[in-house]
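Treat the numbers as computed from the prediction; the structure is a model and nothing was measured.
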Amino acid sequence: TTNNVADRQEETTPEETTKDNLSEAGASVSKFSFSADSVLIWPVETTDIVIEYSPDSTVYFATLDKYKTSNAICIRSEIGIPVYASADGIVNDIGYNEEIGNSVSLDLGSDYILQYGQIKDIQVKEGDAVKEGDLLCYVANPTKYYTVEGPNVYLKLTVGDKAVDPLDYLNFE
């Protein structure tokens, strides 16, 4: 179940200020407080990484049959599997690009943005507040850039303008 901003306004706490409330207050960022010590839950049930985070050295992309850098990870999955919010946040962007297909980005607070790609049937809209574990979407057919790797969830975490390794934050317990 998704939590619409309007549905959550009555129960908003200082740590969970929504985008609408921030606009009223003249603020431009969410009040969620993600940090270097925060932990993400896995967005899908598998932990099998098909493409690793590697911004400084190249990794092999089987579909492209070439090595290139990767500022995200790709988690193997199956078409139609639910994709869940890895942390509390505000949906700040829903988009599409040729490489990762449909995408949803969450503002986790403190300049952290988490982007999910290779998805379909998006269940949230821009401005929605989501809680960790809320349904966001489902795994889509891979784009033409990932056909050999198979169905997967593209997961990119940034702090400001810098990509960081999502595996450093994902819960392995």
Side-chain angles (χ1 to χ4, degrees), residues 1-5 7-8 19 30 32 34 38-55 58-109 112-159 163-173:
T1 304
T2 61
N3 293 316
N4 185 289
V5 170
D7 296 339
R8 292 189 44 134
K19 196 178 217 180
S30 81
F32 289 93
F34 198 83
S38 296
V39 177
L40 298 170
I41 65 166
W42 286 83
V44 289
E45 293 181 5
T46 180
T47 59
D48 184 17
I49 307 301
V50 284
I51 295 181
E52 295 180 6
Y53 174 83
S54 182
T58 58
V59 292
Y60 185 66
F61 283 69
T63 300
L64 302 175
D65 192 26
K66 72 178 190 177
Y67 288 86
K68 66 180 209 161
T69 61
S70 176
N71 62 2
I73 62 171
C74 292
I75 307 166
R76 185 180 319 279
S77 194
E78 294 180 30
I79 297 167
I81 296 294
V83 178
Y84 299 101
S86 294
D88 296 348
I90 300 285
V91 178
N92 71 340
D93 186 59
I94 295 175
Y96 175 87
N97 76 44
E98 189 176 44
E99 182 179 349
I100 65 168
N102 293 317
S103 67
V104 169
S105 293
L106 298 181
D107 180 342
L108 307 180
Y112 283 83
I113 302 292
L114 185 61
Q115 181 184 37
Y116 304 79
Q118 306 240 57
I119 56 174
K120 66 178 182 176
D121 300 331
I122 298 169
Q123 304 293 302
V124 293
K125 63 185 182 307
E126 287 184 26
D128 281 354
V130 297
K131 300 287 283 169
E132 177 183 285
D134 282 352
L135 176 66
L136 297 177
C137 52
Y138 297 87
V139 177
N141 287 315
T143 66
K144 67 182 182 180
Y145 294 86
Y146 297 95
T147 55
V148 174
E149 289 83 0
N152 68 80
V153 175
Y154 172 94
L155 194 65
K156 178 180 179 183
L157 182 64
T158 55
V159 183
V164 296
D165 190 348
L167 288 177
D168 291 342
Y169 297 82
L170 284 163
N171 179 1
F172 280 92
E173 294 179 11

Could you pull out all residues at least two apart from Lys68 that satisfy side chain to side chain donor-acceptor pair (under 3.5 Å)?
none

Residues which pass side chain to side chain donor-acceptor pair (under 3.5 Å) with Ser77, listed by chain and number, not counting sequence neighbours
none

Decide yes or no for [X] and [Y]: does some side-chain heavy atom of the first lie under 4.5 Å from some side-chain heavy atom of the second?
X      : Y      : result
Ile122 : Lys120 : no
Val130 : Val91  : yes
Tyr116 : Ser105 : no
Gln115 : Ile100 : yes
Val59  : Thr69  : no
Ser103 : Asn97  : no
Asn152 : Val139 : no
Asp121 : Cys137 : no

Is a side-chain N or O of [X] found less than 3.5 angstrom from the main chain of [Y], in a donor-acceptor match?
X      : Y      : result
Tyr145 : Phe61  : no
Thr63  : Val148 : yes
Glu132 : Ala85  : no
Asp65  : Ala62  : no
Arg76  : Glu149 : yes
Ser86  : Ile41  : yes
Glu52  : Val50  : no
Gln118 : Thr143 : yes

Measure across [X] and [Y] and return the closest heavy-atom pair with its distance rounded to 0.1 Å.
X     : Y      : answer
Ile79 : Ala140 : CG1-O, 3.9 Å
Ser70 : Ala72  : OG-O, 2.7 Å
Cys74 : Tyr146 : SG-CE2, 3.7 Å
Tyr84 : Gly133 : CD2-O, 3.2 Å

Applying the side chain to side chain contact (heavy atoms under 4.5 Å, CB included) test to Asn92, which of Leu114, Val104, Leu106, Ile113 qualifies?
Ile113

Taking the six-membered ring for Trp, are Tyr169 and Tyr112 parallel (under 30°), tilted (30 to 60°) or perpendicular (over 60°)?
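Ring orientation of Tyr169 relative to Tyr112: perpendicular.
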
In terms of side-chain geometry, is the basic nitrogen of Lys144 or Glu99 positioned less than 4.0 Å from the acidic oxygen of its partner?
no

With a 4.0 Å cut-off, would you call Asp128 and Lys125 a salt bridge?
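Yes, this pair counts.
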
Once rounded to the nearest 0.5 Å, what's the spacing between atom CG of Asn171 and atom OG1 of Thr47?
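Result: 11.0 Å between the selected atoms.
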
Rounded distance [0.5 Å steps], CZ in Phe34 versus CG in Leu40:
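With rounding to 0.5 Å, CZ (Phe34) is 4.0 Å from CG (Leu40).
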
Report the C-alpha distance between Tyr138 and Ile119 in whole Å, list the side-chain angles of each, state the deciding distance to 0.1 Å, and finish with yes or no for side chain to side chain contact (heavy atoms under 4.5 Å, CB included).
CA-CA 6 Å; Tyr138 297 87; Ile119 56 174; over 6 Å; no

Step by step, would you call Asp93 with Glu126 a side chain to side chain contact (heavy atoms under 4.5 Å, CB included)?
CA-CA 6 Å; Asp93 186 59; Glu126 287 184 26; 3.9 Å; yes

Asp88/Leu108 under side chain to side chain contact (heavy atoms under 4.5 Å, CB included): CA gap, chis, key distance, verdict
CA-CA 6 Å; Asp88 296 348; Leu108 307 180; over 6 Å; no

Residues in side chain to side chain contact (heavy atoms under 4.5 Å, CB included) with Leu167, at least two apart?
Trp42, Ile49, Ile73, Asp165, Leu170, Phe172

